[in-house]
Undergrad: 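Take a look at this one; I'll ask things after.
Each chain gets a letter, A, B and so on, in the order its sequence line appears, and its residues count up from 1. For clarity, every value in this text was computed on a predicted model and none was experimentally measured.
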There are 2 protein chains.
Amino acid sequence: MQFRDTDMGATKTDLFTKEQNELAAMAKAIAHPARIAILQYLVRKNACVCGDLVEELGLAQATTSQHLKELKTAGIIQGTIEGVSVCYCINPKVWNQYHALFSNFFKEVDLSGGNCC
Amino acid sequence: MQFRDTDMGATKTDLFTKEQNELAAMAKAIAHPARIAILQYLVRKNACVCGDLVEELGLAQATTSQHLKELKTAGIIQGTIEGVSVCYCINPKVWNQYHALFSNFFKEVDLSGGNCC
DNA sequence: GATTTTGATCGTAATATTGCGATGCAATTT
DNA sequence: AAATTGCATCGCAATATTACGATCAAAATC
C-alpha cells in the first residue's frame, strides 16, 4: 500500500507559522534577478511605465509584465493607470516593512560562546 | 519559423548583473518556510543535529536534509561531522553579510517628492 | 564482524516558476 | 469609427523546486 500525498511537490505551509510563511513569501518575491532589477530601477527613477522596463531588462513584454504582477501581488510596488500606460512605483510603506522584517530576521548572531561544533 | 530558446523556463541570468543575481540567490536561499524555520531554530539553539530538525519541522528526513543542503550551499550554515551525526550551525560571517546586503538593498526610500503617479 | 544509528543521495512524482508568442482590452490617436 | 498604443492575460513549453521512500555510506555499538 502506498500513501500518496495529494499535494506532492507543493510547499507544506501548514507545518509552519504564519510569520515563517510570510517571511518566506517576502523572500520569494525578490528571489529573481529581474525583480531585483525592477526594484532597483524603480528606486533610482522613482517611477516608470512597463515599456521602460521591457527595454531596461531585455525580457519580453509578457515576462516583464508577469514579474511586475508578482511584485504587485507582494504589495511592494503599486501601479496606476496613466492614460494608455501604467505607472509603477515602490510602495514605501511595504518597502519599509520589508526592510524592518529582514533586518529583524538577520539580527546580530552572537559569536561569543563559540557557537559551533 | 520559430526561435526556440534552448533554456526555456530557466532564469536568464546573463541579462542581469552579478550583484542582482547574487542578491536574488540569497533571497531564494531563504524563500521557503522550512529554511526560515531551520535558521530560526539554529539561532535559538545555537547548534543542532539533523535529527532534531526532522522532529522540529515535521518534514521527512530526506526533505529536511535537502533543505539543509541548500542552506549549506548558500553558505549561511555549516555542518561538521560529530561522530555519527552532523552538527549544524549558523555561519556568522555569511549571516552578517546577508544582514548587510539586504539592509543595504532596502535602504530608506524617500517619500518626499510624492514619488508616485 | 554484525548491527544500529545518522544523515546524504538517488529516483520519482508532483507542483511551481520562468519565458514567450499570441491574443484581448481599454484608452488614445488618427 | 478605425487604427494604434500599452499592457494584461492565456496557453504552452521547459526548467526548477518540493517532498518522500528507498538505498547507501560511515561511524558507533554490540
Undergrad: Which whole-number value in Å describes the distance from B/Leu57 CG to C/dG7 C1'?
TA: 15 Å
Undergrad: Using the side-chain heavy atoms of A/Ala62, tell me which of these nucleotides is nearest: C/dT6, C/dG21, D/dA8.
TA: C/dG21
Undergrad: Quick test of your reading of the model: are A/Glu56 and A/Lys45 salt-bridged, counting only N-O distances below 4.0 Å?
TA: no
Undergrad: Figure out the CG/C1' separation between A/Asp14 and D/dT18, and round it to whole Å.
TA: 13 Å
Undergrad: From the set D/dA27, D/dT15, C/dT18, return the single nucleotide nearest to any side-chain atom of A/His32.
TA: C/dT18
Undergrad: So, is B/Lys12 close to the C/dT18 phosphate, meaning a side-chain N or O under 4.0 Å from OP1 or OP2?
TA: no
Undergrad: Heavy atoms from C-beta onward define the side chain here; which of D/dT17, D/dG21, C/dA8 lies closest to that of B/Cys50?
TA: C/dA8
Undergrad: Side-chain N or O of B/Lys28 less than 4.0 angstrom from OP1 or OP2 on D/dA16?
TA: no
Undergrad: Output the single nucleotide from C/dT6, D/dT5, C/dA8 whose closest atom is nearest the side chain of A/Val84.
TA: D/dT5
Undergrad: Could you tell me how far apart B/Leu68 (CG) and C/dA8 (P) are, to the nearest whole angstrom?
TA: 6 Å
Undergrad: If I take atom CD in residue B/Glu70 and atom P in nucleotide C/dA8, what distance separates them, rounded to the nearest angstrom?
TA: 13 Å
Undergrad: Taking CD from A/Gln61 and P from C/dT23, how many angstroms apart are they, rounded to a whole number?
TA: 15 Å
Undergrad: Could you tell me how far apart B/Ile38 (CD1) and D/dA19 (C1') are, to the nearest whole angstrom?
TA: 13 Å
Undergrad: Tell me, do A/Glu108 and B/Trp95 make a side-chain contact under 4.5 Å, heavy atoms counted?
TA: no
Undergrad: Determine whether the side chains of B/Lys93 and B/Asn96 contain a donor N or O and an acceptor N or O closer than 3.5 Å.
TA: no
Undergrad: So what does B/Val49 hit on the nucleic acid, given a heavy-atom distance under 4.0 Å: a base, only sugar-phosphate, or nothing?
TA: sugar-phosphate
Undergrad: Is the shortest side-chain heavy-atom distance between A/Ile38 and A/Leu71 below 4.5 Å?
TA: yes
Undergrad: Could you check which of C/dG19, C/dT9, D/dA27 has an atom nearest any side-chain atom of A/Thr63?
TA: C/dG19
Undergrad: Tell me the interatomic distance from B/Leu59, atom CG, to D/dA19, atom P, rounded to whole angstroms.
TA: 6 Å
Undergrad: Hey, which of these two, B/Lys72 or A/Ala31, hits DNA chain C nearer its 5' end, going by closest nucleotide?
TA: B/Lys72
Undergrad: Do A/Gln66 side-chain and D/dA8 base share a donor-acceptor contact under 3.5 Å?
TA: no
Undergrad: Using only side-chain N and O atoms of B/His67, determine if any of them is under 4.0 Å from OP1 or OP2 of D/dT17.
TA: no
Undergrad: Under the salt bridge (charged side-chain N to carboxylate O under 4.0 Å, His left out) rule, collect the residues that match up with B/Glu19, sequence neighbours excluded.
TA: none
Undergrad: Tell me whether the side-chain N/O atoms of A/Thr11 come closer than 4.0 Å to OP1 or OP2 in D/dT18.
TA: no
Undergrad: By salt bridge (charged side-chain N to carboxylate O under 4.0 Å, His left out), which residues pair with A/Glu22, not counting sequence neighbours?
TA: A/Lys18
Undergrad: Of all the nucleotides listed (D/dC7, C/dT9, C/dA8), which has the minimum atom distance to the side chain of B/Lys69?
TA: C/dT9
Undergrad: What's the CG-P distance between B/Asp52 and C/dT5, to the nearest Å?
TA: 16 Å
Undergrad: Which of the following nucleotides, D/dC20, C/dG19, C/dT9, is nearest to the side chain of B/Ser65?
TA: C/dT9
